[in-house]
Structure formats: structure tokens, C-alpha cells
Amino acid sequence: EWTWSLKAAYTLADGDLVYASYDRGFKSGGFNRQETLCFILGASFCLPDERLTFDPETTDSFEVGYKGNAFNNRLNFNTAVFYQTYDDFQVTSRFPPSSIIVQNAASVETMGIEADFTAYLNDMFTVDGSVAYIDASYDSFTNAACDRTVNKSTTCEQDLSGRTLDNSPEWTINLGGEYRNVFTPMNDTELFVGASVAYRSDVYLIDTLAPDAQQDGYALLDGRIGLDSIDGPWTLTAWVRNATDEEYAVTGARPSGHSDGLRLTQGLPRTYGVT
């Protein structure tokens with residue numbers, strides 16, 4: 001398949017940059033296999049013929065952005081607006097009782113805005129952050145897999161047209177800061193103290209968008225303190241991740257067989273150490 005990328009950029013008098021791009025992407029089609037249960041237990045455990053192949057996926061992506069700086073380079077920032085469409089979007093799904101296959105959603109549309117910045121408040125304090133709002137939804141997906149809690153048949157389908165994609169949070173926000181200064185007892189060493197918080201809004205963890213597989217929005221707080229040799233090769237850091245011990249899941253799946261349960265992969269709890 002032919003793919004292409006077209007980009008145009010213009011540098012302003014103050015060094016800021018304006019750009020636009022258009023890209024075409026491609027992912028090949030392929031084959032799904034029948035599970036062993038199909039040959040042992042018969043047709044009710046077999047995927048129908050139309051599930052045994054999946055089509056290529058193509059995508060068209062448009063982006064317009066601005067990269068700038070201000071206050072004598074003490075503030076650097078980037079913004080971008082994008083719009084992306086997918087034809088025959090490939091979705092990995094589990095069909096009862098145990099088949100994991102790839103199937104095609106007819107069309108998907110994604111649009112959003114992203115921005116990030118780094119601000120050097122003075123020689124000691126730095127603040128950085130980013131924010132992204134993304135609307136990713138199925139324009140047309142009339143033959144999506146049913147959730148096992150609704151129907152355990154390999155032929156069961158549901159219409160997810162207009163629904164949000166799984167594992168696609170609307171909001172992703174990050175904010176951090178660091179203090180850094182010469183460590184007086186050791187003039188060739190810097191002391192640094194930093195913290196950051198990362199927020200992710202609610203998502204569905206499995207492709208069927210089942211209500212019991214929804215992870216609520218959560219925020220993670222990290223921190224660090226340490227010493228850094230200015231001209232030398234060493235850094236000593238004491239750190240903590242997920243300082244508030246937030247409980248959250250990062251992936252989900254229905255287990256194999258006929259179980260209606262939900263298997264979750266938990267995110268790391270509070271973790272700390274010295275490096």
C-alpha cells in the first residue's frame with residue numbers, strides 16, 4: 001500500500017514556528033484462527049466464517065500546530081490541533097468461549113487538542129506541564145462483540161456506533177516542578193527537589209465497553225529529592241511514585257471460558273527507593 005506524509009512549516013521573525021501536516025497510514029489485514037474447542041466440541045464453539053479474516057486499516061491524519069517561546073526563552077510552549085479518521089479500524093476482541101480475534105470497525109474518528117509548556121521561573125525554579133483533550137469515537141461499528149455478561153455466543157453482536165473507544169481518556173493532564181540550587185556544603189554539587197502529578201480521566205478497559213470494566217479518573221503524585229554532581233558523573237536520588245497509594249487498574253479482560261468475571265491488571269501501588 002502507498003503511504004505518504006506532507007508537511008509545511010513557516011518560521012516567524014521571532015523564531016516561533018507554525019506548521020501543518022497531512023499523513024496517510026496503513027496496517028495490513030490478516031487471518032484469525034479457530035480455537036481447538038471448535039474442532040472438539042462442534043459448531044457452537046466455532047467462529048463464523050466472516051470472523052476468520054480481517055481487512056486492512058487505513059488512516060488519514062491532519063494536524064496544525066504552533067511552537068513558540070517568550071520572555072527571552074524562559075517560557076517554551078507547543079500547541080497542536082488534530083483530526084484523524086480510520087477506515088476499517090482494527091479492534092482486538094474476545095469472543096466466547098475463548099477466541100481472541102481482530103475485527104474491523106467500519107470507521108473511527110479522533111479529534112483533539114494538545115498543549116505543553118516549560119517555564120524557567122528563575123535560575124532555581126522550573127515548572128512544566130501538558131494537557132490533552134481527545135474525542136475518539138466509533139462513527140460506525142455495528143458488528144462489535146457482545147459482552148459475555150450479556151450473551152456467551154460467538155455470533156452475538158452489538159452496535160457501538162457513536163460510542164467512545166476503550167482505553168481512550170478524554171483528558172490527560174500533567175504538572176510538575178523542580179527546585180535546583182548549589183548544595184552549600186559541596187560547591188560542585190546541586191541539590192534538587194521535584195514533584196509531579198498526572199491525571200487521567202475515566203476510561204473503559206475492554207472493547208465491549210461493559211459498565212463493570214470502567215476505570216474512574218485518577219491522579220498519581222510522584223516526588224524526588226537528591227544531589228547531582230555539576231561536572232561529575234554521579235547523581236543520587238531518593239524518590240517515591242504514587243505517593244498517595246492510589247488504587248487503579250491499567251488493563252482489563254474477560255477471562256477465558258464461560259466466566260462472567262473481570263480480570264484486571266492493577267497499577268503499581270506506592271513505590272519508593274534510592275537510585
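Here the side chains of Asp16 and Tyr66 are in contact, with some heavy-atom distance below 4.5 Å. Side-chain atoms of Tyr204 and Gln215, non-hydrogen and from C-beta on, never get closer than 4.5 Å to each other. Under the 4.5 Å side-chain criterion, counting only non-hydrogen atoms from C-beta, Gln158 is not in contact with Phe141. No side-chain heavy atom of Thr118 sits under 4.5 Å from any side-chain heavy atom of Phe77. For the pair Leu205/Leu264, a side-chain contact is recorded, criterion being any heavy-atom separation below 4.5 Å from C-beta on. Using a 4.5 Å heavy-atom cutoff, the side chains of Asp222 and Val240 are not in contact. For the pair Thr92 and Ile100, the minimum side-chain heavy-atom distance is below 4.5 Å.
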Checklist entry - Are Thr142 and Asp159 close enough, and set up right, to give a side-chain hydrogen bond (donor to acceptor under 3.5 Å, both in side chains), and what steps lead you there? => result CA-CA 4 Å; Thr142 58; Asp159 186 355; 5.7 Å; no

Next on the checklist: Is there a salt bridge (Lys or Arg N to Asp or Glu O under 4.0 Å) between Lys7 and Asp23? Walk through the geometry before answering.
Outcome noted: CA-CA 8 Å; Lys7 300 182 186 294; Asp23 298 277; 3.8 Å; yes

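By the 4.0 Å N-to-carboxylate-O rule, Glu246 lies too far from Arg270 to be salt-bridged with it. The pair Arg51-Glu157 meets the salt-bridge criterion, with a side-chain N (NZ, NE, NH1 or NH2) lying under 4.0 Å from an Asp/Glu carboxylate O. Classification of Asp147 and Arg254 as a salt-bridged pair holds, one side-chain N sitting under 4.0 Å from a carboxylate O. Contact check on Asp228 versus Arg180 returns a salt bridge, with a Lys/Arg side-chain nitrogen under 4.0 Å from an Asp/Glu carboxylate oxygen.
A tilted orientation is assigned to the rings of Tyr133 and Trp171, their planes being inclined by 30° to 60°. Between Tyr86 and Phe89, the ring planes are perpendicular. Angles over 60° get that label, and only those under 30° would be called parallel. Under the 30°/60° scheme for interplanar angles, the aromatic rings of Tyr179 and Phe125 are found to be tilted.
Panel note: side chain Glu57, backbone Gln90; a donor-acceptor pair is recorded below 3.5 Å.
As a member of the Ile/Leu/Val/Met/Phe/Trp/Tyr network built from side-chain separations under 4.5 Å, Phe54 groups with Val102.
Checked by atom type, the side-chain pair Tyr218/Glu247 shows no donor-acceptor distance below 3.5 Å. Checking Thr126 against Glu178 by side-chain atom types alone, no donor-acceptor pair falls below 3.5 Å.
Taking CD from Gln34 and SG from Cys46, the interatomic distance works out to 5.0 Å, rounded to the nearest 0.5 Å. Atoms OG1 and CZ, on Thr208 and Arg94 in that order, are 11.5 Å from each other to the nearest 0.5 Å. To the nearest 0.5 angstrom, Asn76 atom CG is 11.0 Å from Asp128 atom CG.
With a 6.0 Å radius and a threshold of 12 heavy atoms from other residues, nucleotides or ligands, Asp245 has its CG atom above the threshold. Shown here is Asn72, whose CG atom has no more than 12 heavy atoms of other residues, nucleotides or ligands within 6.0 Å.
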